[in-house]
Participant: 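Sharing a structure below in structure tokens format, with a few things to ask.
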Amino acid sequence: MALLVDKLRPRSLEALSYHHELSARLKSLAQSGDFPHLLMYGPSGAGKKTRTIATLKELYGAGVEKIKIDARVYQTTSNRKLEFNIVSSVYHLEITPSDVGNYDRVVVQELLKEIAQTQQVDLSAKQRFKVVVINEADHLSRDAQAALRRTMEKYSPNLRLILLANSTSNIIAPIRSRTLLVRVAAPTEDQICSVLSAAGKREGWPEAPGLNKKIAKESGRNLRRALLMFEAIYAQSEKVTENTPIPPPDWEVLISITADEILAERSPARLLQVRARLYDLLTHCIPPTTILKTLTFKLIAKVDDALKPDVIKWSAFYEHRVTQGSKVIFHLEAFVAKFMRIYESYLMGMDF
Amino acid sequence: MAANFFSNKARAAAAAASSGSKQKPTDGKEEHAQQQPWVEKYRPKTLDDVAAQDHTTNVLQRTLQASNLPHMLFYGPPGTGKTSTILALAKSLFGPALYRSRILELNASDERGIAIVREKVKDFARVQLSHPTGVDKSYFEKYPCPPFKIIILDEADSMTQDAQSALRRTMETYSKITRFCLVCNYVTRIIEPLASRCSKFRFKPLDNSAAGDRLAQIAKLENLELEDGVVDKLIQCSDGDLRRAITYMQSGARLVGATGNSGRQDGGEDAEMTDASSQVITVRMVEEIAGVIPESVLDQLVQAMQPKKIGSSYEAVSKVTTDIVADGWSATQLLAQLYRRVVYNDAIPDIQKNKIVMVFSEMDKRLVDGADEHLSILDVALKISGILGGA
């Protein structure tokens, strides 16, 4: 049985339930026969991928839904072999170059050129070009992005790119200037509510508008998360009412407990305890940025207003360090220690 | 190697041409031109067409007459016409018949490690010139066809140091029959020995009038109707990057074309085209395409940052930033626009501006390093708020 998120994923541009203006625009782009390179950006769970697939369907018809997974092997200049997975249909390919880490440049160069130099084989195809969807484009290395530049111009008759990214900050300017930027904003809470109630109706679940609203708020305007939470609630409890508690994810509970511990006692012994918890989270593959961010917002809720800017300052500081450094635990711990210190000195009313 | 390279290219071109003619023998070419991005379509064909780089084009024009060329290094910000210039120069030097055999164009999308420099570039550089066959005398009157080949290394700043140093001797040894042209954004990334072998040409960002003329010209050729101020807005959004401005304009044209034919669907292909061109591109549309954050959102943020009783600004700021992040606005864009707002605001004393600018610098670095956008924006906003409050 598929999850709600997959089962109810809209398959065509008409079926999308919000941002109708954007859908209309994508549709007209797809119909005009003059399809540009796209750069879709927006927070996760806003519907970038869904829109991309729907757009592809608009471009090529139902053929894009027949997909297969290929494993290709690429060789770097230093003779290292890279295995790389490609999801493809006759008309499009979908790649996640960040899978191969530093070697993404090799893959981007080889693969795109190979595609760009071959013509569309299927004469009955609606478009002459193939589309390559690049996931997590903001994680592409500088080299790989530089490699994209000229390819995008030179092979434009045979190839269109759709880049998916969370933010345009890490995309180099030359790429941005060659693509049409499409911003996909997260759905508002009302929009999430309506999606949830529609989903509930389809499944034949009893409706609880108050609960929907709560879920929408909890999800942080992330539709995927909202749907997963929605399904989890209905799966876990027999009878769902307005007041059914929303079970937060395990890791969030753990971080919440950690935050309380930090606030309760500020001492080296406690730091050691917190460290064990942080390790626990890390070994369960929770991204360090998420840990730090969640921890910060849990702590912020419980400290005085005067202290808040300071906490944010150090949180941002150590988050930057996390992305720069190699050993994550140092920076997480440093943040905790720093927080304990500023909190303590605030309580004592002096600097030290 | 080199022969292989060329035959490949030629084959691909031939394949493209043949399949194009197979599908639609009559309008194949036309369709191709229509699908081309305007950036390619309106790429300058001759040196005179290159917009607003008078100094460079003058010098090159002279070398064109003298049929002699130094090694060249073009540098400047993106979208100022570096690649266009060298391509236009090459075309007017050699003409279509000899272009293939005399030009080697390599860019970052080609593998350019030290091995390539040693093999492909060296092989091409080493090949002696043969007397061109199959062209008549009038061709030579039209194109000078000087006795050397040109190797264009586009985006040379992404070449490795090793690859660059491998070029050094090659450049000198074969200088009789080969000229190099390096094109890059950052001249500092080119190693000194290479830079000193080339005559440097700096491409300045386009000034507004030149870019505006070019945009208006393209709009006229494409039968676009622009609202008043659209050209200015395009230039403002693109920061002197003409390519970006043209891309934005084309995107805008696609959008209005689209709304036109969804209105009435009875028309055929031709009706659609005329429909497309009769719509007007508005300023707001350009802003949306360029990803510019609306003033109203910025107003909210600035409003939230105003110091009240200390501490209470947190709630307001955090609410606004959460919305900004959820709406998917890019943090760098926000930073740039906020910067303009704050720095040109005369109500803020200079001493505070100094501090605020430091905050911006720090945050830009963090964003480039890939730090979390939400935390970064929140931090900037709170710091500025603190500084404004005199803390």
Side-chain angles (χ1 to χ4, degrees), chain A residues 24-25 27-29 31-34 36 41-43 46 77 109 112-113 117 119 123 128 142-143 146-151 153-154 156-158 167-170 173-174 176-181 183-186 220-221 289 292-293 296 304-306 308-309 312-313 315-316 319-320 323-324, chain B residues 12 15-16 19 23 32 34-37 39-40 78-79 107-109 111 113 115 154-155 158 238 241 243-244 247 250-251 254-255 257-259 261-262 289-291 310-312 314 325-333 366-376 378-379 382-383 385-386:
Chain A
R25 199 189 302 167
K27 189 171 173 157
S28 57
L29 281 178
Q31 284 172 346
S32 67
D34 181 22
Y41 67 102
T77 38
Q109 281 177 344
L112 289 190
K113 271 192 156 171
Q117 284 172 352
Q119 283 267 319
L123 279 179
R128 297 244 321 265
R142 287 290 144 109
D143 283 344
L148 277 180
R149 292 167 62 164
R150 192 75 185 123
T151 317
E153 286 179 349
K154 208 165 166 187
S156 60
N158 292 341
S167 142
T168 55
S169 296
N170 291 333
R176 263 184 284 167
S177 79
R178 281 173 176 83
T179 50
L180 172 58
L181 300 185
R183 184 175 61 90
V184 184
R221 295 177 66 183
T289 302
L292 193 62
K293 231 168 112 177
T296 309
D304 271 2
D305 272 356
K308 281 172 181 172
I312 291 288
K313 175 179 154 195
S315 168
E319 202 278 327
H320 177 224
T323 54
Q324 288 285 288
Chain B
S19 72
Q23 276 188 338
H32 183 83
Q34 190 204 325
Q35 279 193 356
Q36 233 180 0
V39 186
E40 289 292 305
N107 55 56
S109 58
E111 183 55 59
D154 209 344
E155 295 150 32
S158 61
S238 57
D241 182 342
R243 177 177 44 224
R244 195 154 20 135
T247 314
Q250 188 177 15
S251 310
R254 283 178 180 130
L255 290 188
T259 44
N261 65 34
S262 66
I289 294 166
I310 184 71
S312 59
Y314 173 79
V325 171
D327 279 336
W329 299 114
S330 133
T332 25
Q333 182 68 33
R366 282 193 194 165
L367 286 175
V368 168
D369 285 342
D372 186 78
E373 303 214 332
H374 189 173
L375 278 179
S376 303
L378 197 56
D379 189 23
L382 286 175
K383 270 186 187 157
S385 174

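None of the values given here were measured: they were computed from a predicted structure. Protein chains get the first letters and strands the later ones, always in sequence-line order, with residue 1 at the start of each.
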Participant: State the OG1-CH2 distance between A/T168 and B/W329, to the nearest 0.5 angstrom.
Facilitator: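 One gets 11.0 Å once the value is rounded to the nearest 0.5 Å.
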
Participant: For chain A, which candidate among B/H374, B/R243, B/Q333 shows the most heavy-atom pairs at distances under 4.5 Å?
Facilitator: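 Result: the option with the highest number of such pairs is B/R243.
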
Participant: Please report the closest heavy-atom contact between A/S315 and B/L375, naming both atoms and the distance.
Facilitator: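 Looking at all heavy atoms of both residues, the shortest contact is OG-CD1, 3.4 Å.
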
Participant: Supply the atom-to-atom distance A/K313 NZ to B/L378 CG, rounded to the nearest 0.5 angstrom.
Facilitator: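 Reported value, rounded in 0.5 Å steps: 14.0 Å.
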
Participant: For B/V325, is it the side chain, the backbone, both or neither that has a heavy atom under 4.5 Å from a heavy atom of chain A?
Facilitator: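 Looking at B/V325, just its backbone touches chain A.
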
Participant: Based on non-hydrogen pairs under 4.5 Å, which of A/L180, A/V184, A/T179 is most in contact with chain B?
Facilitator: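 Heavy-atom pair counts peak at A/L180.
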
Participant: Just give me the residue among B/D327, B/L382, B/T332 that pairs up with chain A most often, heavy atom to heavy atom, under 4.5 Å.
Facilitator: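 Among the listed options, the one with the most contacts to chain A is B/D327.
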
Participant: Using a cut-off of under 4.5 Å for heavy-atom pairs, which of B/L367, B/T247, B/D369 has the most such pairs with chain A?
Facilitator: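 When all of B/L367, B/T247, B/D369 are compared, B/D369 has the most.
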
Participant: A side-chain contact here means heavy atoms from C-beta on lying under 4.5 Å apart; do B/D372 and A/K293 qualify?
Facilitator: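 Yes, close enough: below the 4.5 Å cut-off.
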
Participant: Taking all non-hydrogen atoms of both residues, which atom of B/A326 and which atom of A/P43 are closest, and how far apart?
Facilitator: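 Minimum heavy-atom contact is O-CG, 3.2 Å.
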
Participant: Does any heavy atom of chain B fall under 4.5 Å from the side chain of A/T289, the backbone, both, or neither of them?
Facilitator: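 Looking at A/T289, just its side chain touches chain B.
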
Participant: Taking every heavy-atom pair that is under 4.5 Å apart, which of A/R183, A/R142, A/K27, A/R176 has the most such pairs with chain B?
Facilitator: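 Option with the greatest count: A/R183.
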
Participant: Heavy atoms only, distances under 4.5 angstrom: which of A/A46, A/G42, A/G220, A/S167 has the most pairs with chain B? Name it, please.
Facilitator: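 Of A/A46, A/G42, A/G220, A/S167, A/S167 has the most heavy-atom pairs under 4.5 Å with chain B.
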
Participant: Mind listing the closest non-hydrogen atom pair of B/A371 and A/H320 along with its distance?
Facilitator: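 Smallest interatomic distance, heavy atoms only, reads CB-CA, 4.2 Å.
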
